[in-house]
Participant: 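Below you'll find the structure I mean.
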Amino acid sequence: MIDKSFDPKGVEEKWYGLWLEKGYFQADSKSDKPSYCIVIPPPNVTGSLHIGHALDITLQDIMVRWKRMSGFNTLWLPGTDHAGIATQNVVEKELKVRGMSRQDLGREAFIKKVWEWKEQYGGRIIHQLKRLGASCDWSRERFTLDEGLSRAVKEVFVRLHKEGLIYRGDYIINWCPRCHTALSDLEVEHEEVKGRLYHIRYNFAKGDGHVVVATTRPETLLGDTAVAVNPNDKRYKNIVGKVLSLPVLGREIPVVGDEFVDVGFGTGAVKVTPAHDPNDFEIAQRHNLPFIKIMTGDAKMTDEAGPYKGQDRFKCREHIIRDLKTAGLLVEVKDHKHGIGHCYRCKTVVEPYLSKQWFVKIKPLAEDAARAVRKGTVKIIPQGWENSYFDWMENIKDWCISRQIWWGHRIPVWYCSDMKNRECKDQNGIVVTTAAPEDCPYCGSRNLVQDEDVLDTWFSSALWPFSTLGWPDDTDDLRTFYPTSVLITGFDILFFWVARMIMMGMKFMDREPFRHVYIHALVRDATGHKMSKSKGNVVDPLEMTDTYGTDSFRFTLAAFAAQGRDIKFSVKRIEGYRNFINKIWNAARFILVNIKANDEIVSAAEIKNLSLADRWILSRLSSVAAEVNSSLEEYRFNDAANLLYQFVWHEFCDWYVELIKPVLYGSDEDRRRASLSAVVHVFEVSLGLLHPFIPFVTEELWQHLPASAGKPATAGRPENLCVRAYPTAADGIVDKNAESKMALVKEAVMGVRSIRGELNLSPSLELKALIRASDETVDVLNKNISYISKLAKTSSIEIGCDVMRPEGAAVSVNPSLEIFVPLKGLFDVESEIRRLNREAVKIEESLSFIQKKLSNEEFVNKAPKAVVDENEAKYEELNKKMQSILSGIDKLKQLGNT
RNA sequence: GGGCGGAUAGCUCAGUUGGGAGAGCACAGCCCUUACAAGGCUGGGGUCACAGGUUCGAGCCCUGUUCCGCCUACCA
């Protein structure tokens, strides 16, 4: 016999190990079965599992297990991302502890170090995914720096370059002075801050007069090469072309006219710092202004900054403000709210910085990717995200892909140092090729130097759906599993990753990388705040699984995963679902206790002598199975989970199990065996339905069921639940007649219980009940009187269409029947009168509402007949109920008076 | 600045073609009834943010307002 309660420890490890051993999660690259494939959003190798992963993994595992059981050739392809900047930062930090920098080590040794780190710690998150029960095909695990994936990266780079979609040039990019690298626009997080707007006076070089400019970064004036005004601005029309003297440095700079300048903002005059601001960069190009770099990659001031040379940018700001003040050139300082960009990896304020970088010309790729979604080739769920997707795609700017770090895919570009002939010079000595060249293909020189930079990590993850399946080779995996079925991820990487995968998929595979994109919610803390280490409000998934079991945790996540709304997670919530798991466990215990040695369990179709309760639960089972399947089909995880919760707990346990207890304990062997088979069957199917959500406890319990349970008609029973055919409506037996009869039985039971409950009568007190109903109902109730007497705890029941209300009886009026419970001396007349009065008030409200509707001619004329009829019927019913209650009250009052 | 989402029971949230609103938790009362006290039974509790409009009828459709999130943007 199984234990009194479920202990997840041990069970989880046992089954996960066994599933792996039997190779259930392994996909077949040459199967006739329809394929179903998900590629995992590869977590960073540096990462450790957080609750967002847990949700992501749980939802994917639900889909994959469901499809696997439903007969698909299923591949869930796992892996990790090398996470260039993040990983490099981690290892650099370790070096720093020992007083070393990566430069001290040198490139090669440093990279070796990172690999060592990766081998040692990179598996951590994979191990954690396994603890969640992820049914990935681990034989296909990939890493973005794998040999194969690296080939794909080079291939893509070279092809895009050949087509002119990758180019190199000097532009203003986002520079992180701490990570010492360029960042793409996406990698900059904007944060609104209360800053200051400094109004600074620039005097004319000759003669009197001045112009006042406004800036938030006064230190950049050291690199100014002009002041711009709008040529249409009356205030400044006449000064265009004049020469100003740059404050502090005294360098002479012109006033230029440029329509970019907003007349209404600040003073209407803008200082132009071409090497340190993207807009100024463009203005400078239009007016042929010089570019002066005043900062180094460390954000320290250069020689060009004169007296400020060597100062940190923010120190310099302070100094320059002081100096301007002293010189009387600081006109005004205003409070000013504006956005400031921060590095998404280290949160340092990024600096717009002029440098030579590689870019992807993104428009053509974005257009195809947008079209794929517009045409429905890729469907985004929930659809609301499509707007953001289109918006981003339409306003997209070229993608800076080079990073000045060492950990990553080295850019497959070599520079010829000699440029010995014309051709080589024409190409600027640039050699772009997948294989490292020995000598220059243009001039034959052997002095080739590879580009020092590596590619943006997201460049390689953009290829993930096909690079992991073997591209650029033409593999069976690619043919079988591409396009993949669905991508499940959070919205935070919609642009970073999802959009770019669609671009690259369309470009290199000519097909969408996935048919569906399911965007799930963000997991927040109980009060709705984003979880973060600094806030200290993170919930550790592993702690949850340790305390409550993986199944409880997974079910909680699924039950709260409603589309389009964030999940507020709290420990309180997981407790409720832990109780649910325990409820399932105990239902199993009940069943197992009641199976005797010689009992033969037969399949639902073979059971003879089905009782009403059996037929009812089988019918409900059928509906539930159908609804769970259709919910999953539409990614309505919460609906599926809640449906099962409701069914298993409140229909199966609360009603069905109670209904069959007398049968299982009774002496009618035929009946007993019928219900026993039925209860085993329904439970077995329920375990199947639940398995994708809570794989461990279901597998464990399933193994305890008699071997004949869950046996398909044709073949033998599978060895494990995780490969059982996923239940469908056909696993139950639809019987609407049984459902409506059961409804009457339940009505009778609840009516009596209600009287008992509200009058505070002890559950152990057996009551006498009289039920009045229509002939038809009377017939049904009489045939099932044993159910009622058992569940309502009655000593005797009288049912008839002309049953009279006895004196001193409590009354319960229900839609299809009236119940009287004689309680002479057992209860307080006054409290029963109060109860009935409360009831009467409610009914009166309803009556007057419907009355109002029915007396409205327009309603009667315009509303559909069915609706009108329904209202009329309801009115009749309520009216009858009202009469009954009123007379009840009346009689009780008489009783009280005598 | 642009865009998106949310506002429903004390709390967290469902509510899929518009026909007088549901769940879980919490709360109250009665129960250790031989699967389960991590349980059973019963009950209380809501002008569905606000104001208009469409309609016989609105939580649901339209317009506006307020509050709260998020995404996005080069206004110095």
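To find a chain, count down the sequence lines: A is the first, B the second, and so on, and within it residues start at 1.
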Participant: Does the separation of the ring centres of A:F555 and A:F580 fall below 6.0 angstrom?
Facilitator: yes
Participant: Taking any heavy-atom pair under 4.0 Å as a contact, classify A:N871: base, sugar-phosphate, or nothing.
Facilitator: nothing
Participant: Can you see if the side chain of A:W385 gets near the phosphate of B:U72 - specifically, an N or O under 4.0 Å from OP1 or OP2?
Facilitator: no
Participant: Provide the Watson-Crick or G-U wobble partner of B:C4, both distances under 3.5 Å; none if there is no partner.
Facilitator: B:G69
Participant: So, A:N230 and A:D262: side-chain donor and acceptor under 3.5 Å apart, yes or no?
Facilitator: no
Participant: Taking only N and O in the side chain of A:N579, is any of them less than 4.0 Å away from OP1 or OP2 of B:G39?
Facilitator: yes
Participant: Searching all strands shown, indicate the nucleotide that pairs with B:A28 (Watson-Crick or G-U wobble; both distances under 3.5 Å).
Facilitator: B:U42
Participant: Given B:G19, B:G40, B:A35, which nucleotide is nearest the side-chain atoms of A:P763?
Facilitator: B:G40
Participant: Considering just the side-chain nitrogens and oxygens of A:K568, establish if one lies under 4.0 Å of OP1 or OP2 belonging to B:C11.
Facilitator: no
Participant: Just N and O in the side chain of A:K793: are any of them under 4.0 Å from OP1 or OP2 of B:C31?
Facilitator: no
Participant: So, is A:K583 near the phosphate of B:G40, with a side-chain N or O under 4.0 Å from OP1 or OP2?
Facilitator: yes
Participant: Using the ring of each side chain (for Trp, its six-membered ring), is A:F637 parallel, tilted or perpendicular to A:Y635, with breaks at 30° and 60°?
Facilitator: tilted
Participant: Which of these passes ring-ring contact (aromatic ring centres under 6.0 Å, His included) with A:F495: A:W385, A:W399, A:W392, A:Y389?
Facilitator: A:W392
Participant: Within the structure, does a side-chain N or O atom of A:H650 lie under 4.0 Å from either OP1 or OP2 of B:G24?
Facilitator: yes
Participant: Please state the C1' separation for the pair B:U8 and B:C31 - nearest whole angstrom.
Facilitator: 34 Å
Participant: Using a cut-off of less than 4.0 Å, is there contact between a side-chain N or O of A:H199 and OP1 or OP2 of B:A76?
Facilitator: no
Participant: Suppose we define a pair by two distances each less than 3.5 Å, Watson-Crick or G-U wobble; what does B:C50 pair with here?
Facilitator: B:G64
Participant: Between A:Y389 and B:G3, does any side-chain N or O lie under 4.0 Å from OP1 or OP2?
Facilitator: no
Participant: Does B:C41 have OP1 or OP2 under 4.0 Å away from a side-chain N or O of A:S754?
Facilitator: no
Participant: Applying a 4.0 Å non-hydrogen cut-off, can you work out what A:K865 is touching in the nucleic acid: base, sugar-phosphate, or nothing?
Facilitator: nothing
Participant: Would A:F849 count as stacked on B:G20 if the rule is ring centres under 5.5 Å and plane angle under 30°?
Facilitator: yes
Participant: Looking only at heavy atoms, which two atoms of A:P247 and A:L324 are closest? And how far apart?
Facilitator: CB-CD2, 3.7 Å
Participant: Would you please classify the geometry between the A:Y344 ring and the A:F496 ring as parallel, tilted or perpendicular, with 30° and 60° separating the classes?
Facilitator: parallel
Participant: Kindly give the atom pairs (protein nitrogen or oxygen, nucleotide nitrogen or oxygen) under 3.5 Å for nucleotides 55-58 of chain B.
Facilitator:
{"from": "B:C56", "atom 1": "OP1", "to": "A:K862", "atom 2": "NZ", "distance (Å)": "2.4"}
{"from": "B:C56", "atom 1": "O2'", "to": "A:N856", "atom 2": "ND2", "distance (Å)": "3.0"}

Participant: What contact category does A:S846 fall into here, base, sugar-phosphate, or nothing, at under 4.0 angstrom with non-hydrogen atoms?
Facilitator: base
Participant: Give me the distance, rounded to whole Å, that separates B:C11 from B:C74 when you measure between the C1' atoms they each carry.
Facilitator: 44 Å
